[in-house]
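Here the structure comes first, spelled out in structure tokens, and everything after it is commentary.
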Amino acid sequence: MTLEEKGLIIPPPVLTTYPQMVSHAIQQWPNVMAATHWDLYNNTKVDGADFYVGKNEIGHIHLDGTVHLATTNELRIPLLKNNLAQKFPYSGEYEGWVLFKITTKSDAEHAIWLFQLNYERLMGLSIETLLSKINNHSIK
């Protein structure tokens with residue numbers, strides 16, 4: 001889904017402590033645009049923060065701290081295999097997506113790593129380099 005299809009483009013809300021740490025970090029990266037993430041069924045209800053590089057979504061953080069990362073199957077499969085993310089509960093157009101829940105500072109640090117991995121994919125880093133990062137990473 002494109003940014004324009006998601007609803008009115010306004011700055012993202014301030015999230016709770018650890019999700020906000022992640023949001024703040026992502027917003028510092030070059031070429032990232034952050035916006036409000038609207039409820040899928042009600043595009044007038046705020047549900048978190050979206051992050052984009054151009055028209056491509058990196059992912060979003062829901063108000064409850066759940067991260068939905070808009071990655072590809074090439075990355076999704078090793079992320080799941082290495083227990084670095086969880087299976088996304090929806091299929092179809094969301095096939096390459098994964099999720100991760102932020103509840104602690106350590107979770108926030110890992111979420112930043114996940115977002116950065118996907119950001120680097122969108123910025124053109126090779127799949128081989130990204131896979132190497134996945135295989136050499138563990139959750140603290």
Side-chain angles (χ1 to χ4, degrees):
M1 182 178 294
T2 66
L3 179 59
E4 293 81 15
E5 292 172 324
K6 285 195 165 185
L8 184 63
I9 300 171
I10 62 172
V14 174
L15 305 171
T16 58
T17 303
Y18 298 122
Q20 184 60 33
M21 283 175 50
V22 177
S23 178
H24 179 75
I26 297 166
Q27 291 180 58
Q28 305 309 305
W29 301 339
N31 305 312
V32 168
M33 194 199 77
T36 289
H37 177 77
W38 301 101
D39 183 282
L40 185 59
Y41 304 105
N42 178 354
N43 66 359
T44 64
K45 182 180 174 189
V46 174
D47 192 26
D50 279 335
F51 306 97
Y52 284 82
V53 171
K55 292 191 177 277
N56 297 310
E57 184 174 356
I58 303 169
H60 52 265
I61 305 171
H62 287 274
L63 294 175
D64 69 357
T66 300
V67 169
H68 290 171
L69 198 68
T71 190
T72 64
N73 275 331
E74 284 181 297
L75 297 181
R76 177 183 67 88
I77 293 167
L79 285 170
L80 296 175
K81 180 182 173 190
N82 290 304
N83 296 314
L84 297 172
Q86 298 166 338
K87 186 176 179 185
F88 198 68
Y90 311 104
S91 59
E93 67 182 290
Y94 303 107
E95 187 177 345
W97 290 62
V98 296
L99 67 84
F100 183 78
K101 180 78 173 189
I102 304 167
T103 58
T104 66
K105 183 177 181 183
S106 178
D107 292 341
E109 292 166 353
H110 182 68
I112 292 167
W113 180 85
L114 286 168
F115 272 102
Q116 185 169 8
L117 185 79
N118 207 33
Y119 168 79
E120 290 172 342
R121 175 186 70 83
L122 293 171
M123 295 301 287
L125 199 61
S126 74
I127 189 66
E128 294 79 16
T129 302
L130 296 169
L131 291 173
S132 176
K133 287 183 176 211
I134 291 170
N135 290 327
N136 292 313
H137 188 80
S138 62
I139 297 178
K140 296 175 186 167

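Side-chain atoms of K101 do not come within 3.5 Å of backbone N or O of D107 as any donor-acceptor pair. Although no hydrogens or angles enter the test, the distance criterion places no donor-acceptor pair under 3.5 Å between the side chain of R121 and the main chain of T71. For N82 (side chain) and L84 (main-chain N/O), no donor-acceptor pair under 3.5 Å exists by modelled atom type. Remark: the backbone N or O of G54 is not paired with any side-chain donor or acceptor of N31 at under 3.5 angstrom. With hydrogens and angles disregarded, no donor-acceptor distance shorter than 3.5 Å links the side chain of H37 to the backbone of I61. Side-chain N or O atoms of Y119 include one that pairs as donor or acceptor with a backbone N or O of P30 at under 3.5 Å. D50 contributes no side-chain N or O that, together with a main-chain N or O of A35, makes up a donor-acceptor pair within less than 3.5 Å. Of the possible donor and acceptor atoms, none in the side chain of W97 sits under 3.5 Å from a partner among the backbone N and O of H68.
Between H137 and H110, the ring planes lie parallel to each other; the angle is under 30°, not in the 30° to 60° tilted range.
Within the 4.5 Å cutoff, side-chain heavy atoms of V67 are placed close to those of F115.
Cluster annotation: V53 is connected to L130 through the hydrophobic network of ILVMFWY side chains, with a link wherever side-chain heavy atoms come within less than 4.5 Å.
Atom CD1 of I9 and atom CH2 of W38 lie 10.5 Å apart (nearest 0.5 Å). Here the CG atom belonging to L99 is positioned 9.0 Å from the CG atom belonging to L80, to the nearest 0.5 angstrom. The line from CG of N73 to CZ of R76 is 4.5 Å long, rounded to the nearest 0.5 Å. Rounding to the nearest 0.5 Å gives a distance of 9.0 Å between CG of N118 and CD of E57.
Ion pair K133/E120 flagged as a salt bridge, since at least one NZ, NE, NH1 or NH2 atom sits closer than 4.0 Å to an Asp/Glu carboxylate oxygen.
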message: side chain to side chain contact (heavy atoms under 4.5 Å, CB included) for F51 and Q27? Distances and angles first, verdict last.
response: CA-CA 8 Å; F51 306 97; Q27 291 180 58; 4.1 Å; yes
- prompt: Between E128 and S132, is a side-chain hydrogen bond (donor to acceptor under 3.5 Å, both in side chains) present by the stated rule, with each step listed?
  reply: CA-CA 6 Å; E128 294 79 16; S132 176; over 6 Å; no
